[in-house]
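Below is one structure; the comments refer to it alone.
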Amino acid sequence: MAGAAASAAPGGGAGGRPLIITEDPLLLDDLLRLCAAAGAEPHVHHEVPEPSGAGGPGGSTGWESAPLVLVGDDAARRVRGAPRRDGVFLVGRDLDDPLVWQRAVEIGAEEVLRLPDAESRLVDRIADVVEGAGRPALAVGVIGGSGGAGASTLACALALRAARTGERTILIDGDPLGGGMDVLLGGESAEGLRWPDFAGSRGRVGAGALEESLPELHALRVLSWDRGDRVVVPPAAMRSVVAAARRRGGVVVVDLPRRVDEAVAEVLAQLDLVLMVVPGELRSVAAAGRVAAGVRMVARDVRVVVRGRCPGGLEPEAVAALLGVPLAGEVPIEVGLPGRVAEGEPPGSQGRGALARFCDGFWQRALGSAQGVPA
């Protein structure tokens with residue numbers, strides 16, 4: 001294939017496919033393999049392609065319009081005269097070449113990528129092009145400060161209310177001992193993949209493939225656990241799956257376990273905000289202090305949601321002060337909610353309920369904020 005342009009994919013446009021410029025057959029084989037791993041079918045040339053009906057470099061069919069340009073080390077001199085643009089990478093295999101950086105500067109390359117060491121990074125960049133990577137999803141984690149705090153209920157309600165605003169929404173069950181978020185949504189028998197199917201994931205997980213593979217319940221996608229034997233999901237797989245969930249924008253809600261291990265830390269590192277649900281009584285606050293200490297070692301932003309008020313209990317502001325974290329709000333106890341959930345009605349379904357009102361107010365502030373997180 002060296003020296004010839006790759007055939008166009010059916011219905012594909014030139015602007016959506018990477019451009020490879022090289023005459024090195026071994027390097028070309030590597031780049032085609034990496035493009036295939038990222039789900040991309042590139043254009044291949046051995047010099048800067050000329051635009052249709054013109055005699056100079058650049059133009060609508062290649063250099064200037066391609067979302068990504070991979071220039072082989074052998075072709076660097078041949079593209080010196082091409083217009084400067086973003087998204088150009090110089091790719092080669094000789095790690096000891098002292099002049100490689102000079103050639104990169106001459107062609108305006110964004111980065112020098114040496115194979116095989118940079119293969120995973122290159123696949124990521126190509127996949128970003130294929131998937132149209134833009135602003136990542138607003139990712140919110142929910143964790144109980146104490147046992148029975150209602151974190152799973154809040155996570156489910158947040159996801160349901162976000163989906164009802166029209167946001168692309170994925171709900172991730174991060175607690176293997178929690179009973180399953182699909183059960184809470186009444187979809188334990190729904191077709192689709194669960195966490196055990198992703199336990200062996202290595203490297204990048206495709207955002208589109210992930211979303212399409214998950215059960216769709218109440219206008220949102222749900223990644224939950226199955227009812228089989230407990231499967232340990234390695235930290236790398238957890239990281240890849242959450243990153244894929246975020247890649248297409250919208251909202252991602254994660255129900256977190258109270259124990260912060262290595263896999264949970266991988267999730268926390270990708271969250272914009274963690275809401276810690278704490279009942280307004282002293283014993284729960286004491287337990288939440290230990291949970292908060294572990295979460296704050298990794299998460300960038302932790303806030304407390306006070307659930308209900310016990311007779312003689314603590315005010316929400318006092319709970320936040322004792323924990324040393326900002327107050328995100330209070331969720332009053334909703335009479336009849338446990339019974340409705342037991343009958344198959346997901347938390348947050350009733351728009352007039354206290355839980356739904358809290359979630360709607362939260363998303364109004366969060367999604368309306370320039371930073372994506374409510375002040």
Problem set entry | Listed once per pair and sorted, the salt bridge (Lys or Arg N to Asp or Glu O under 4.0 Å) pairs that draw on residues 170-188, sequence neighbours left out | Asp182-Arg194, Asp182-Arg227
Within the structure provided, determine whether [X] and [Y] are in side-chain contact (heavy-atom separation under 4.5 Å).
X: Phe362; Y: Val305; value: no
X: Asp24; Y: Arg93; value: yes
X: Leu68; Y: Leu70; value: yes
X: Trp195; Y: Ile172; value: yes
X: Val252; Y: Val140; value: no
X: Arg114; Y: Glu119; value: no
X: His218; Y: Pro346; value: yes
X: Leu31; Y: Leu122; value: yes

Please output the side-chain donor-acceptor pairs of residues 141-159 that fall under 3.5 Å, not counting sequence neighbours, one pair per line with the distance.
{"unit_1": "Ser152", "atom_1": "OG", "unit_2": "Asp255", "atom_2": "OD1", "d": "3.4"}
{"unit_1": "Ser152", "atom_1": "OG", "unit_2": "Asp255", "atom_2": "OD2", "d": "2.8"}

For this session: Indicate whether any N or O donor in one side chain lies under 3.5 Å from an N or O acceptor in the other, for Glu106 and Gln102.
Result: yes
Closest approach of [X] and [Y], non-hydrogen atoms and distance?
X: Ala82; Y: Val48; result: CB-CG2, 3.9 Å
X: Val251; Y: Ala137; result: N-CB, 3.9 Å
X: Leu138; Y: Ala366; result: CD2-CB, 3.8 Å
X: Ala237; Y: Ala199; result: CB-O, 3.9 Å
X: Val112; Y: Ala104; result: CG2-CB, 3.6 Å
X: Leu19; Y: Gly62; result: CD2-C, 3.9 Å

Honestly curious: do [X] and [Y] fall in one hydrophobic cluster under the side-chain, below-4.5 Å linking rule?
X: Val231; Y: Val254; answer: no
X: Leu322; Y: Val304; answer: yes
X: Met297; Y: Val325; answer: yes
X: Trp101; Y: Val79; answer: yes
X: Leu32; Y: Leu113; answer: yes

Is the backbone of [Y] close enough, under 3.5 Å, to the side chain of [X] for a donor and an acceptor to pair up by distance?
X: Gln270; Y: Arg239; answer: yes
X: Arg221; Y: Leu214; answer: yes
X: Gln350; Y: Arg352; answer: no
X: Ser349; Y: Glu345; answer: no
X: Glu315; Y: Ala318; answer: no
X: Glu334; Y: Ala354; answer: yes
X: Glu211; Y: Ala245; answer: no
X: Arg307; Y: Glu330; answer: no
X: Arg85; Y: Trp63; answer: yes
X: Asp73; Y: Val91; answer: no

Problem set entry | side chain to side chain contact (heavy atoms under 4.5 Å, CB included) between Val222 and Glu216, intermediate numbers included | CA-CA 6 Å; Val222 183; Glu216 184 174 8; over 6 Å; no
If you round to the nearest 0.5 Å, how far is [atom2] of [Y] from [atom1] of [X]?
X: Asp197; Y: Ser213; atom1: CG; atom2: OG; value: 8.0 Å
X: Leu217; Y: Met181; atom1: CG; atom2: CE; value: 11.0 Å
X: His46; Y: Leu28; atom1: NE2; atom2: CG; value: 11.0 Å
X: Leu220; Y: Arg164; atom1: CG; atom2: CZ; value: 9.5 Å
X: Leu223; Y: Leu193; atom1: CG; atom2: CG; value: 8.5 Å
X: Leu275; Y: Arg303; atom1: CG; atom2: CZ; value: 8.0 Å

For this session: Tell me, with the steps shown, if Leu256 and Leu268 meet side chain to side chain contact (heavy atoms under 4.5 Å, CB included).
Result: CA-CA 9 Å; Leu256 296 163; Leu268 288 171; 3.7 Å; yes
Using a strict threshold of under 4.0 Å (side-chain N to carboxylate O), is an ion pair present between [Y] and [X]?
X: Asp117; Y: Arg121; value: no
X: Arg357; Y: Asp360; value: no
X: Arg247; Y: Asp124; value: no

For this session: Run the numbers on Met238 and Glu262 for side chain to side chain contact (heavy atoms under 4.5 Å, CB included), then give the verdict.
Result: CA-CA 10 Å; Met238 191 77 76; Glu262 189 177 351; over 6 Å; no
For this session: Using the test side chain to side chain contact (heavy atoms under 4.5 Å, CB included), find all partners of Glu212 that sit at least two apart in sequence or belong to another chain.
Result: none
Problem set entry | Within 6.0 Å of CZ in Arg259, more than 12 heavy atoms from elsewhere | no
For this session: Would you please test Glu110 and Arg125 for salt bridge (charged side-chain N to carboxylate O under 4.0 Å, His left out) and show each step?
Result: CA-CA 12 Å; Glu110 206 173 290; Arg125 293 305 300 261; 3.6 Å; yes
